[in-house]
Amino acid sequence: MKLSEYVQYDAIGLGSLIAHGEMSPRELADTALQACAQINPKINAVIESWSPDLADVAPARESNSPLAGVPFLIKDVGVAMAGRKNEFGSRLAQGFTAAADSLLMRRFREAGLVTLGRTATPEFAWSGTTESTLCGPTRNPWNVAHGAGGSSGGAAAAVAAGIVPLAHATDAAGSIRIPSAASGVFGLKPTRGRVSNGLALEEAINGLAAQLGVSRSVRDSAALLDAVQGAAGGEPYAIAPPVGRYLAQVGIEPGKLRIGVMPQAWGGQRTQACVLERLAEAVRLCASLGHEVEEAEAPLGVSWEAFVHASSVLWSANIATWIDGIAGAMGRQPDLATLEPQTLAVYRTGRGIGAIEMVHALDLRNAVTRSVAAFFSRYDLLLTPTLPDLAPVLGTYAAGAETMDGHQWTDRVFGSSPFTPVFNAAGLPAMSVPLFQDAATGLPIGMQFVAPAGREDVLFQVAGQLERSLPWAGREPGVWASTVHA
């Protein structure tokens with residue numbers, strides 16, 4: 001199969017070729033690895049790749065999943081694959097190898113996905129850009145001078161460039177949605193408790209983190225959620241299972257919805273004119289589809305400064321715990337030889353956080369959850385830009401980080417992506433839809449839609465409707481696998 005043919009298929013399309021005997025999982029894996037070899041040096045999205053062994057390919061022959069046999073990549077954080085490195089984007093964890101599959105990894109295998117490598121992440125996934133000292137910067141396939149977003153920037157860049165149609169991603173402050181918007185792919189963060197973070201992560205930053213993936217088509221993400229949704233017994237968060245399959249929702253018209261539109265975020269970071277122009281276009285599109293759309297603001301319930309501080313407490317305490325555990329396992333010291341300046345600052349801040357401050361932070365998280373939930377007593381969905389600006393130029397995001405403490409770094413991260421982290425605190429499902437591109441630069445502009453807890457079905461319905469109305473599948477970035485033939 002030529003790469004120019006390979007990139008014409010989404011994951012379900014490739015799965016159909018396998019199901020009908022037109023391709024084998026091994027042949028598809030070889031094609032994806034060829035795409036990686038040709039394209040990845042230009043964008044640095046995949047930090048390690050491998051040819052699958054029989055144990056990796058065998059489930060593809062046994063699964064009834066529409067994703068069976070599809071080439072797949074996992075992020076270098078959030079999931080563990082037995083016998084493979086899991087380095088968290090950090091020199092502190094360099095060489096660490098997982099002893100066993102995590103629960104989510106087992107579900108990826110059971111779906112028949114064929115994992116071929118790891119994607120880049122910023123150190124401990126705590127940045128809105130993917131530029132680690134360990135692995136170097138991940139470049140945006142639309143413009144390699146710009147970042148691909150973070151923290152799932154490697155996954156988004158790999159999918160956007162056509163290396164794979166679907167890749168694992170995580171999101172604890174926007175890390176699925178930010179790179180989806182920056183790189184021009186689709187990404188949905190599920191409701192808290194929809195996808196297991198167990199066993200090692202358990203609450204995953206006290207309930208802020210969720211896992212799923214990024215894709216070029218809406219139906220691929222829906223099929224992935226069908227494959228991996230559901231909590232295991234005894235987990236701290238769980239939610240009622242969906243009625244039916246998410247994949248079926250993509251083709252269903254959602255009916256008339258009431259959509260609140262929020263052009264400006266809570267923290268004072270002003271949305272740039274080029275993004276506001278596309279938001280207005282999204283409003284017109286939604287109205288043309290029969291939805292009732294009006295400007296509205298989702299109440300945060302606390303000050304932005306209090307929200308950022310409480311989030312920083314949770315992030316810093318959790319990262320400090322991870323770092324102590326990894327340092328002990330690897331026999332290394334947490335210092336500037338093993339950690340980036342901002343991560344070391346977060347670690348030191350986290351080590352100084354006490355139990356009472358943690359309880360206050362959790363109380364504030366709960367207050368935000370209740371306040372934001374009240375918005376959805378009046379509206380079916382919230383529409384915002386995913387990001388207030390275009391993807392930043394590489395090398396600019398962490399400027400001055402060496403003088404920051406952990407709270408100041410959190411303020412930097414939240415200030416660059418103020419529309420996304422509130423919905424991690426609230427535990428709500430949210431998606432970034434790659435509707436537009438900036439006319440001047442060609443860089444993607446994503447729009448975020450947020451739904452009430454448990455209503456991923458409505459998000460997939462709306463995403464499918466938008467995809468049919470304003471298709472993005474035919475857009476090709478400058479770095480694109482089909483430019484090289486097998």
S.K.: Return the orientation label for the His309 and His407 ring planes: parallel under 30°, perpendicular over 60°, tilted otherwise.
M.R.: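 His309 vs His407 ring planes: tilted.
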S.K.: Please test Leu470 against Phe436 for side chain to side chain contact (heavy atoms under 4.5 Å, CB included), starting from the C-alpha separation and ending with a verdict.
M.R.: CA-CA 9 Å; Leu470 193 63; Phe436 306 113; 3.7 Å; yes
S.K.: Distance from Ile176 atom CD1 to Phe186 atom CZ, nearest 0.5 Å?
M.R.: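 Answer rounded to 0.5 Å: 10.0 Å.
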S.K.: How are the rings of Trp126 and Trp315 set to each other: parallel, tilted or perpendicular (split at 30° and 60°)?
M.R.: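 Trp126 vs Trp315 ring planes: parallel.
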S.K.: Looking at side-chain heavy atoms only, is the closest gap between Leu382 and Phe376 below 4.5 Å?
M.R.: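 Side chain of Leu382 against side chain of Phe376, heavy atoms only: contact under 4.5 Å found.
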S.K.: Can you tell me how far apart CD1 (Ile18) and CG (Leu67) are? Round to the nearest 0.5 Å.
M.R.: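 The distance works out to 10.0 Å.
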S.K.: Hey, could you give me the CE/CZ distance between Met431 and Arg177, rounded to the nearest 0.5 Å?
M.R.: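 That separation rounds to 12.0 Å.
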S.K.: Check Ala298 against Met262 and note the closest heavy-atom contact, atom names and distance.
M.R.: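 For Ala298 versus Met262, the nearest heavy atoms are N-SD, 3.6 Å.
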S.K.: If you compare all heavy atoms of Leu276 against all heavy atoms of Gln264, which two are closest, and at what distance to 0.1 Å?
M.R.: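 Leu276 and Gln264 have their closest heavy atoms at CD1-NE2, 3.9 Å.
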S.K.: Within the 4.5 Å heavy-atom criterion, are Val159 and Leu166 side-chain neighbours or not?
M.R.: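 No, side chains not in contact.
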S.K.: What closest approach, in Å, do Gly15 and Val70 show between heavy atoms, and which atom pair accounts for it?
M.R.: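 Smallest interatomic distance, heavy atoms only, reads N-CG2, 3.8 Å.
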S.K.: Any salt bridge between Arg365 and Asp363, counting N to O under 4.0 Å?
M.R.: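 Not counted as a salt bridge, because no side-chain N and carboxylate O are separated by less than 4.0 Å.
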S.K.: Quick check on side-chain hydrogen bond (donor to acceptor under 3.5 Å, both in side chains): which of Thr386, Thr384, Thr420 does Ser432 satisfy it with?
M.R.: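 Result for side-chain hydrogen bond (donor to acceptor under 3.5 Å, both in side chains) with Ser432: Thr386.
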S.K.: Any side-chain heavy atom of Phe108 within less than 4.5 Å of one from Met81?
M.R.: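 No, side chains not in contact.
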S.K.: At what distance, to the nearest 0.5 angstrom, does CG of Leu300 lie from CZ of Phe307?
M.R.: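 So the CG of Leu300 and the CZ of Phe307 are separated by 6.5 Å.
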S.K.: For Ser175 and Lys75, which heavy atoms make the closest approach, and how far apart are they?
M.R.: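 It is CB-NZ, 4.2 Å.
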S.K.: Could you tell me if Ser215 and Asp220 have a donor-acceptor pair between their side chains, going purely by distance under 3.5 Å?
M.R.: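 The answer is no; no qualifying pair exists.
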S.K.: Angle class for the Trp304/Trp266 ring planes (parallel below 30°, perpendicular above 60°, tilted otherwise)?
M.R.: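 Judged by the thresholds at 30° and 60°, the geometry between Trp304 and Trp266 is parallel.
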